[in-house]
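Just so we're on the same page: letters track the sequence lines, and every chain starts at 1.
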Number of protein chains: 2
Amino acid sequence: MTQPTPSSSLNARRRRRTARDIQNATLGLALAHGFGHVTTGMIADAAGVSLRTFFNYFPNKEAALAGEPLRFKNFDFSWFRASRQPLLPDLERLLGEIVADAGIDRERLCRIEELCRTDTNLQAVFANSLQGLVDQLADLLVARMGEDARQTAELVAALVGRALANAYRASVHDDEPTSDVVVRLTIRQIHAVGALLHPVDGDERG
Amino acid sequence: MTQPTPSSSLNARRRRRTARDIQNATLGLALAHGFGHVTTGMIADAAGVSLRTFFNYFPNKEAALAGEPLRFKNFDFSWFRASRQPLLPDLERLLGEIVADAGIDRERLCRIEELCRTDTNLQAVFANSLQGLVDQLADLLVARMGEDARQTAELVAALVGRALANAYRASVHDDEPTSDVVVRLTIRQIHAVGALLHPVDGDERG
DNA sequence: CATGGAATTGCATAGTGTGCAAGTTTTGCG
DNA sequence: CGCAAAACTTGCACACTATGCAATTCCATG
């Protein structure tokens, strides 16, 4: 399992640190001047790297704002693909593993939440930063439900991605947000959407 | 009803024509060379306008590819806001009015469909071009369901937007696609998502 | 300590996007 | 008609975005 460049090597740690430095610089500058008035040059200076190095880390300033994107690691999700249980509980477990693994950085989430409150466009930026995760989830769902259901799988994956982004933002109102809180908030939103689309019995009005 | 610049004035007709010319030029160049290799300068030349004029019509080449975005006009949708019937039938009627009003240009849809097939990234581009409609729909849904349900409303609106984009693409497989076809395809997808989130009785496995 | 690979950087260059001012065309009205 | 206001097009200048390449430095490994 020893990788060519172990994730604990000096190189790897510095890379993570630089990526964080760049993201923090971006968040700070965006809060101070408004994201639209922040240039890649300003970010590079504030992070202490050259402009060229900035682009070695992120393809554009939007990506720098969102930081290293959430992704499925090499976990074993065959149980999810094989399961025929109702989707939502399985999804809850799946998200639980990913979100817990990524950890919660409340400081950063607070800054992100404030940015989203002051600039509506940034909500989409952060939601889009989950696109990689959404694509991977769509693949998992297709493996679970069959190729015929690809369209539905992609819609559900996109829905989960947006709900997850909302949940991260909402979790900052908790004093000590945990991955459980984020996942619960996510599932709750998805459930509300489902109730709206398929009203049954005591569900709210459409 | 006489507007300051009626939609039938010379200016207005020329503006629509130029916008269409630019979009058609963009679609043609993207099909010929791949969207990533198309520059705004190439588009402007092919459309017979200056680069500066290109940017007077569209903020970037992605917008030029999608053309004039679908939008709610000044129709009266108070019936939708006030209704407490199940959501999907109301939504079907609402979408029917918008899609019928915009009309279906099968030629253009075919080119878009081909582009999406050859370049996965463009699916997101076209889906994003419905963002204005999605925002307006979210507002309508909030007016209907109450401010407390804003998060759910936004999720549903985003879901509808993606389903609608899928439906437009799928409608080209119909010889003579109508707005009814597009709306039906849209609703069917949304229904499938709802069934997946709230499995009842005979619904498919999760 | 030597060597290969990764990271940083500067430089050159192509493309993106906006503000402004000048010039033209269209519109609306007396 | 004829004229003034409004709308549209364009060129130009400028700042910013993004990538490829080559030189250099720094880390990893034997």
Side-chain angles (χ1 to χ4, degrees), chain A residues 1-23 25-26 29-30 32-68 119 121-122 125 128-129, chain B residues 1-23 25-26 29-30 32-66 68-69 119 121-122 125 128-129:
Chain A
M1 259 312 170
T2 310
Q3 296 168 18
T5 44
S7 67
S8 58
S9 75
L10 220 184
N11 261 344
R13 269 181 295 133
R14 292 224 295 198
R15 175 156 268 273
R16 276 197 298 274
R17 186 170 64 78
T18 303
R20 270 206 318 275
D21 288 349
I22 293 177
Q23 184 188 12
T26 310
L29 288 167
H33 308 123
F35 185 63
H37 295 129
V38 176
T39 71
T40 50
M42 290 162 65
I43 298 171
D45 283 350
V49 297
S50 74
L51 180 60
R52 192 59 185 81
T53 297
F54 171 89
F55 282 110
N56 284 344
Y57 278 81
F58 298 102
N60 49 55
K61 57 181 184 169
E62 283 77 15
L65 201 65
E68 291 293 334
D119 184 345
N121 300 325
L122 294 185
V125 170
N128 282 342
S129 77
Chain B
M1 256 317 172
T2 311
Q3 297 169 18
T5 43
S7 67
S8 59
S9 77
L10 220 187
N11 265 342
R13 269 182 295 133
R14 293 223 293 203
R15 177 157 268 272
R16 278 196 297 274
R17 187 171 63 78
T18 304
R20 270 206 316 278
D21 289 348
I22 294 177
Q23 185 188 11
T26 309
L29 289 167
H33 309 121
F35 185 65
H37 295 129
V38 176
T39 71
T40 50
M42 290 162 64
I43 298 171
D45 284 349
V49 297
S50 74
L51 180 60
R52 193 61 187 78
T53 296
F54 171 88
F55 283 111
N56 284 345
Y57 278 82
F58 298 102
N60 49 56
K61 57 180 184 170
E62 282 78 15
L65 200 64
E68 291 293 334
D119 184 345
N121 300 324
L122 294 184
V125 170
N128 283 342
S129 77

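Comparing C:dG15, C:dA6, D:dC8 against the side chain of A:N11 picks out C:dA6 as the nearest. Closest to the B:N56 side chain, of the nucleotides D:dT10, C:dT8, D:dA28, is D:dT10. Closest to the B:V49 side chain, of the nucleotides D:dT10, C:dA7, C:dT16, is D:dT10. Side-chain proximity of B:T18 to the nucleotides D:dA28, C:dT27, D:dT9 is greatest for D:dT9.
For the residue pair B:N11 and B:R15, no side-chain donor N or O sits within less than 3.5 Å of a side-chain acceptor on the partner.
The CZ-P distance, from B:F58 to C:dG15, rounds to 21 Å in whole Å. As a whole-Å value, the separation of A:F54 CZ from D:dT19 P is 11 Å. As rounded to whole Å, 15 Å separates atom P of D:dT17 from atom CG of B:N60. The nearest whole Å value for the distance from the NZ atom in B:K61 to the P atom in C:dT16 is 5 Å. Here the C1' atom of nucleotide D:dC16 and the CG atom of A:L29 are 15 Å apart, to the nearest Å. To the nearest angstrom, P of D:dC14 lies 16 Å from CZ of B:R52. When the C1' atom of C:dA7 is taken as reference, atom CZ of A:R16 falls 15 Å away, rounded to whole Å. Atom pair A:F55:CZ and C:dC11:C1' shows a separation of 15 Å (rounding to whole Å applied).
Place A:L51 and A:R15 on DNA chain C by their nearest nucleotides, and A:R15 ends up nearer the 5' end. Of the two residues near DNA chain D, B:R14 and A:R14, the one whose nearest nucleotide lies more 5' is B:R14.
Taking the side chain as every heavy atom from C-beta outward, A:E62 and A:N128 never approach each other to under 4.5 Å. Side-chain contact between A:F58 and A:K61 is absent, with no heavy-atom pair separated by less than 4.5 Å.
A donor-acceptor pair is defined here as one N or O able to donate and one able to accept, closer than 3.5 Å; no such pair exists between the side chain of B:Q23 and the backbone of B:A64.
Within 4.0 Å of A:Y57, counting heavy atoms only, lie sugar-phosphate atoms of the nucleic acid but no base atom.
Proximity of B:T53 to the phosphate of D:dT9: no side-chain N or O atom is located under 4.0 Å from OP1 or OP2. OP1 or OP2 of C:dT16 lies within a sub-4.0 Å distance of a side-chain N or O belonging to B:T40.
Annotation for B:H37 and B:H33: closest pair ND1-O, 3.2 Å, computed over non-hydrogen atoms.
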